[in-house]
Amino acid sequence: MENDPKEIMEKAVMHVLEAMAFMFVETVTQDELSDIEDTCLHVQMEFTGETSGDLGLVFPPELAASMAENVLGIEPDGSILEDTLKDAAEEILNVVCGQFLTLMFGDKPIFELSVPHVSRLDSRACNELLKSPGVVAFMVEDSFMLGYVKLG
Amino acid sequence: MAYNILVVDDSNVIRKVLIKTLSLAKVPVGEVFEAANGKEALEILDGSWIDLVFADINMPVMNGVEMIEKMSESGMLNNIPVVIISTEGSLTRIEELKAKGVKAYVRKPFTPEAIKEVVQDVMEGSNGK
């Protein structure tokens, strides 16, 4: 049976957040999450190779700060810079992408990865994504995270 | 003996994490140099004594593969070992990089144990040449 991209994305996100940011991650159904009321961060990147596609993560800025603090091993005192927060989010997605590709397609094919990019997503767009098929939803400690992968 | 180490990665966060990991792994480190891409790394290599390079593959301006090719052309790769630290999981790509002269490969996310082991392997190997 072919690998299910959604399941592989779940595995990749859980492994990377636990190994890199030392955070406990739980998968939830989309219905279990309430409507998103605030603007979120959206980190996204593309890959090209035998299959092309893109993948991304969406989460509140507070979770981005916690992830950056954990990756860097610094105290959570609210002083983390915006650039550092974005940098950590981009690197986490970069590692998720590498794990996803190996789990999904094996260790033979070569893929070219784009540089990840962070933008802001308003609450309306976040809620549209939350209700989209193929989206994976997580609780990372006390915050939600959405993940998606689109194969070309 | 303490090693002068050059860390090449476009992520400032990863550079900081790797430097901290080297310390946690009790790797004897002299001076640490940082570069955000291959071009910056070559400039540092040109003007500083470097014992070991840790480099990412996917970087803007000049990526890790281009940097390794330039180091090979100039003969630097014969004297300065390069360890790739990347998200890359393709064994085909890793074999290609080793054929170009890369000494070792560590996959992200990395642990202090993995870093310590690779430094020992690479530096003891290069000292024994």
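What you see is a predicted model; the values in this text were computed from it and never measured. Here is how names work: the chains are called A, B, and so on, in the same order as the sequence lines, proteins then strands, and each is numbered from 1.
Between A:L72 and B:K20, the closest heavy-atom pair is O-NZ, 2.7 Å. Taking each heavy atom of B:P109 and A:V95 in turn, the nearest pair found is CD-CG1, 3.5 Å.
When heavy atoms are compared at a cutoff of 4.5 Å, A:F111 approaches chain B solely by way of its backbone atoms N, CA, C and O. Looking at A:E112, only its side chain comes within 4.5 Å of chain B, counting heavy atoms on both sides. For B:N58, the part lying near chain A is the side chain, with the backbone staying farther off; criterion is any non-hydrogen pair under 4.5 Å. No part of B:E95 comes within reach of chain A, as not one of its non-hydrogen atoms sits under 4.5 angstrom from that chain. When heavy atoms are compared at a cutoff of 4.5 Å, A:I110 approaches chain B by way of both its backbone and its side chain.
Annotation: the span from B:D56 atom CG to A:E91 atom CD amounts to 6.5 Å, rounded to 0.5 Å. B:T87 contributes atom OG1, which lies 8.5 Å from atom CD of A:Q99 (distance to the nearest 0.5 angstrom).
The cluster map of Ile, Leu, Val, Met, Phe, Trp and Tyr, joined by side-chain heavy atoms under 4.5 Å apart, puts A:V58 and A:L17 in different clusters. When hydrophobic clusters are built by joining Ile, Leu, Val, Met, Phe, Trp and Tyr residues whose side-chain heavy atoms come closer than 4.5 Å, directly or via intermediates, A:L63 is not grouped with A:L121. No path of Ile, Leu, Val, Met, Phe, Trp and Tyr side chains, each step under 4.5 Å between heavy atoms, connects A:V135 with A:I92, placing them in separate hydrophobic clusters. Linking Ile, Leu, Val, Met, Phe, Trp and Tyr whenever their side-chain heavy atoms come within less than 4.5 Å puts B:V17 and B:L52 in one cluster. Cluster membership check: A:V13 shares its hydrophobic cluster with A:L103, using side-chain heavy-atom separations under 4.5 Å among Ile, Leu, Val, Met, Phe, Trp and Tyr.
By the neighbour-count criterion of 12 heavy atoms within 6.0 Å, atom CD of A:E37 is sparsely surrounded, having that number or fewer from other residues, nucleotides or ligands. Counting heavy-atom neighbours within 6.0 Å of A:K131 NZ, excluding the residue itself, gives a total above 12. Under a cut-off of 6.0 angstrom, the local environment of CD in A:E32 is crowded, with over 12 non-hydrogen atoms contributed by other residues, nucleotides or ligands. Atom NZ of A:K6 has more than 12 neighbouring heavy atoms from other residues, nucleotides or ligands inside a 6.0 Å radius.
For chain B, the option among A:V16, A:N94, A:L101, A:V96 with the highest count of heavy-atom pairs below 4.5 Å is A:N94. Taking B:N12, B:T92, B:I94 one by one and counting their heavy-atom pairs under 4.5 Å with chain A, the maximum is reached by B:T92. In terms of non-hydrogen atom pairs under 4.5 Å with chain A, the most contact-rich of B:T111, B:N63, B:L91 is B:L91.
Inter-residue side-chain proximity for A:T102 and B:R107 is flagged as met; some heavy-atom pair is nearer than 4.5 Å.
Side chain of A:D87 to main chain of B:V13: a donor-acceptor pair is present (N/O by atom type, distance under 3.5 Å, no hydrogens or angles).
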